[in-house]
Amino acid sequence: MRWQGQRVGEKDDSALPGLEDRTSVLRTVTTPEFAGMTFHEVLSKSALNHVPGASRMPFAWTINPYRGCSHACVYCLSPDTSILCADGRHRPLADLKVGDEIIGTERRGSYRRYVHTTIEAKWPTRKPAYRVTLADGTELIASGDHRFLTDRGWKYVVDAASGQRPHLTTNNRLMGYGIGAAGAAVDRLSPDYRRGYLAGMIRGDGMIFHGVYPSATRTREIHRFRLALIDAEALDRARRFLEEEGIPTRTRPFTPASENRSASDALHTAVKRHVQTIEALIATPVAPRSDWFAGFLSGVFDAEGSCSRGVLRISNKDSDIIALIERGMRQFDVPSITEAPRSNGVRAVRVVGGLPSRRRFFAITDPAISRKLSILGDAVKSFTDLRVVSIEAIPGEQDLLDITTGTGDFVANGVISHNCFARGTHEYLDLDGGADFDSQIVVKTNVVEVLQKELRRGSWQHETVALGTNTDPYQRAEGRYRLMPGIIEALADSGTPISILTKGTLIRRDIPVLVRAAQRVPVDIQMSIAMYDDDLQKAIEPGTPTTQARLDTVRALRDAGFRVTVFLMPIMPHMTDSVEAIDTALRRIKEAGATSVVYGALHLRAGVKPWFMQWLSAFRPDLVSSYLGLYPGVTAEAPKGYRQWLAKRARPLIRLHGLDGQHEDDYPVRGIRASAPHGRPAPAFAPAPAPAQPMLF
């Protein structure tokens, strides 16, 4: 990211008020990556903040590395964009989730190379988009603020409204391999694909035997089928496909492992009618369809193919099989040549055209054996014509998706795509009622160093420190500044219990840090998940990680050994307070592995109510009069009668689902014991943070 801003000491008319007494402005930054936002990088004089009215709260100290919330995302791609995964396969962006392993890149020596990475966050958005078409036929649909790697560095899809940022123009060349123009669609669930795969696999590496053995008393007929492989993925697919054709098989060991060979298993059947059915299945159709050819190439590659050192070959002695491979390559416009026969009569069909041709072959045929698909360590180059030929605005707005990865990038439709910063989840608006909170972000860049000094003071009593009580510590800016790992380590090193409340899926990045911290101090984690209706979640929490992404994060934390409390708040009158809505939410929370739930009704802070009512009048105008009656005045919590009614509805359901947590009114009196990895009791002196309403409203 290229940051443009002021130096320390320069006059800054745009700086936020109230910073001068406790901080020094390092620089004020505006950047196209965060359009419409101003970042105030400051040197803070303090890190630990004493909470006013701590006697009424279950914690006395908090740390706010950020003030404001940089939740508005500017990067995004179409949900059907094809992403290269760690197993060498392409999957639509819409089908991926946080924690999935995919392929990114990193610079090693003179080249950028393909490496494994992990999705750390994912969220939806809706905005104007552009169609970028490349010379090889590859198409990309992305927002104007998305960036792709070119042979001249990273470039945005279009220029900024005010100009002056590097952006794509025709004849710019993208880096990667592309996927070419969309060809004939292949249905890998069709009977044609299934039978084509079995034909390629069994004719390539199977054995069918019929024999007659006469004796003095009778004549025996022997009918046998055997398919032996060292790769379980291909064997499992062949077994499944045979079962779908009504042919059961048995699996047994075939050859043991040796110094020069891996162990193999084999599928068997000796039932005459099944063997005869297999023979009929693997015969070449009179007029093979595209699906059959895709399956055939997949099966014969799994059986007889190799891909190493950038060379993809499929070898066989049978001239009919070689001819079918050649026809299949032509069918899908995969360039290939047939090599001269070796001394043993074996011939090979070799794919030419480099990585783009190999990836096209894999994308169309989808072989079962993952180890043959890997491009790890390969250099990122443009093997094919990836020149930009057009950039067209798409009318209206498009539903788009964002992800954050560990390497800072990923492979989208075969080209290198810039990583999206982890979205800071919803703001709490304790600073103001709207635009300033979103657009004026204070970043305490030295917070870790200051915190370490404060924790060394003899007066520090090692009381629980809560993060996320004011602004989300795992908001979007944390993807760049990475302040949280240092904060967690400093607190743990000093013996200070930690409590974290977040909506951000980026916390998954720090699970290893949290696990190490929990070996020394209690670590309490809460995830805020209020909306379980996707349409309502998109409307009321635009730009936050999806409900499912946050539930997946709960599961990841649980799998790492943490007890996680979910904040089911705010509950929205007439929108999310029905028995069905609450029961559905609690069921999904329980399935995610959470141990308790805290709930609370919507509370409208001063300055927020007009903003909320404006949203309500647009999204649910039928509820405006009801909300005006429920929430009179400037600052309003839900009436006591409504809260009592909600308690009678929610508490029995929480107990029913085994998620007995504390109601928000219990916090000042009872608090919550901190969670810790399984097997480590949680001391009572480490309460969860107070249930500050983790919502826009």
Side-chain angles (χ1 to χ4, degrees), residues 180-211 221 223-227 229 234-235 237-249 267 269-305 312-339 341 345-352 357 360-369:
V186 172
D187 181 2
R188 299 190 187 95
L189 299 178
S190 70
D192 278 341
Y193 180 87
R194 180 171 67 239
R195 292 167 186 172
Y197 183 86
L198 291 172
M201 170 59 72
I202 295 170
R203 290 168 69 174
D205 210 19
M207 184 275 290
I208 293 177
F209 174 79
H210 299 282
E221 290 186 359
H223 306 277
R224 288 179 181 169
F225 160 74
R226 184 188 69 215
L227 176 65
L229 296 169
L235 203 66
R237 182 185 287 188
R239 180 194 304 111
R240 186 176 73 253
F241 282 1
L242 287 169
E243 288 174 354
E244 290 172 2
E245 294 290 345
I247 305 168
T249 58
L267 303 181
T269 183
V271 179
K272 178 180 178 180
R273 69 178 184 277
H274 291 160
V275 177
Q276 291 173 335
T277 302
I278 291 172
E279 284 185 299
L281 282 174
I282 65 175
T284 304
V286 175
R289 299 180 179 180
S290 293
D291 290 352
W292 189 90
F293 270 119
F296 178 83
L297 290 175
S298 177
V300 76
F301 177 77
D302 278 341
E304 301 285 351
L312 190 159
R313 285 189 177 92
I314 307 175
S315 304
N316 205 277
K317 278 186 178 181
D318 191 317
S319 59
D320 289 340
I321 291 178
I322 293 296
L324 284 171
I325 295 170
E326 292 171 331
R327 285 178 63 187
M329 296 294 187
R330 292 194 297 271
Q331 177 83 16
F332 299 112
D333 296 322
V334 176
S336 65
I337 62 171
T338 303
E339 299 175 345
V346 172
R347 303 179 73 192
V349 178
R350 174 163 52 89
V351 171
V352 297
S357 297
R360 180 172 176 79
F361 176 87
F362 293 147
I364 292 168
T365 62
D366 189 31
I369 302 175

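Just so you know, these numbers use all the heavy atoms, side chains as well, and skip hydrogens, waters and symmetry mates. Computed from a predicted structure; not experimentally measured.
Summarising the geometry, atom CZ belonging to F225 is positioned 6.0 Å from atom CG belonging to L267; distances are rounded to the nearest 0.5 Å. Remark: I208 CD1 to E279 CD distance equals 4.5 Å, nearest 0.5 Å. Taking OG of S315 as the reference point, atom CD of E339 lies at 7.0 Å (rounded to 0.5 Å). To the nearest 0.5 Å, atoms CD1 (I278) and CG (L242) are separated by 5.0 Å. To the nearest 0.5 Å, atom CZ of residue R226 and atom CE of residue M207 are 4.0 Å apart. Rounded to the nearest 0.5 Å, atoms CD1 (I247) and CG (L281) are 5.0 Å apart.
Side-chain contact of S290 with Q331: a donor-acceptor pair under 3.5 Å is present, judged by distance alone. Residues S190 and D291 bring a donor and an acceptor atom of their side chains to less than 3.5 Å of each other. T284 and R203 share a donor-acceptor pair across their side chains, judged by distance under 3.5 Å alone. Side-chain contact annotation: T277 with E245, donor-acceptor N/O pair under 3.5 Å absent. Side-chain contact check for Q276 and H274: no donor-acceptor pair (N or O, by modelled atom type) lies under 3.5 Å.
The side-chain tip of R237 points at the ring of Y197 from less than 6.0 angstrom away and within 45° of straight on.
Residues H210 and E221 are not in side-chain contact: their nearest non-hydrogen atoms beyond the backbone lie 4.5 Å or more apart. Put simply, the side chain of V349 does not reach to within 4.5 Å of the side chain of R313, judged on heavy atoms. Annotation: side chain of D192 is not in contact with side chain of F296 (no heavy-atom distance under 4.5 Å). M201 places a side-chain heavy atom less than 4.5 Å from the side chain of L227. Side-chain atoms of T338 and E326, non-hydrogen and from C-beta on, do get closer than 4.5 Å to each other.
Across all their heavy atoms, S336 and V352 have their closest contact at N-CG2, 3.9 Å. When all heavy atoms are compared, the tightest approach of W292 to A199 is CZ2-CB, 3.9 Å. Nearest heavy atoms, A294 versus V186: CB-CG1, 3.6 Å. What you find for P335 and S357 is that their closest heavy atoms are CG-OG, 3.2 Å. Nearest heavy-atom pair, P288 versus F293, reported as atom, atom and distance to 0.1 Å: CB-CE1, 3.6 Å.
The local environment of CZ in R327 is sparse, with at most 12 non-hydrogen atoms from other residues, nucleotides or ligands closer than 6.0 Å.
The backbone N or O of I364 lies less than 3.5 Å from a partner atom in the side chain of R188, making a donor-acceptor pair. For the pair D302 (side chain) and A368 (backbone), a donor-acceptor distance under 3.5 Å is present. With hydrogens and angles ignored, the 3.5 Å screen pairs no side-chain donor or acceptor of R195 with any backbone N or O of P285.
Checked against a 6.0 Å centroid threshold, the rings of F301 and F361 count as neighbours.
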For Y193 and D366: C-alpha separation, side-chain torsions, deciding distance, then whether side chain to side chain contact (heavy atoms under 4.5 Å, CB included) applies. CA-CA 11 Å; Y193 180 87; D366 189 31; 4.0 Å; yes
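Residues D187 and R194 are not paired through a salt bridge, judged by the lack of any N-O separation under 4.0 Å between the basic side chain and the carboxylate.
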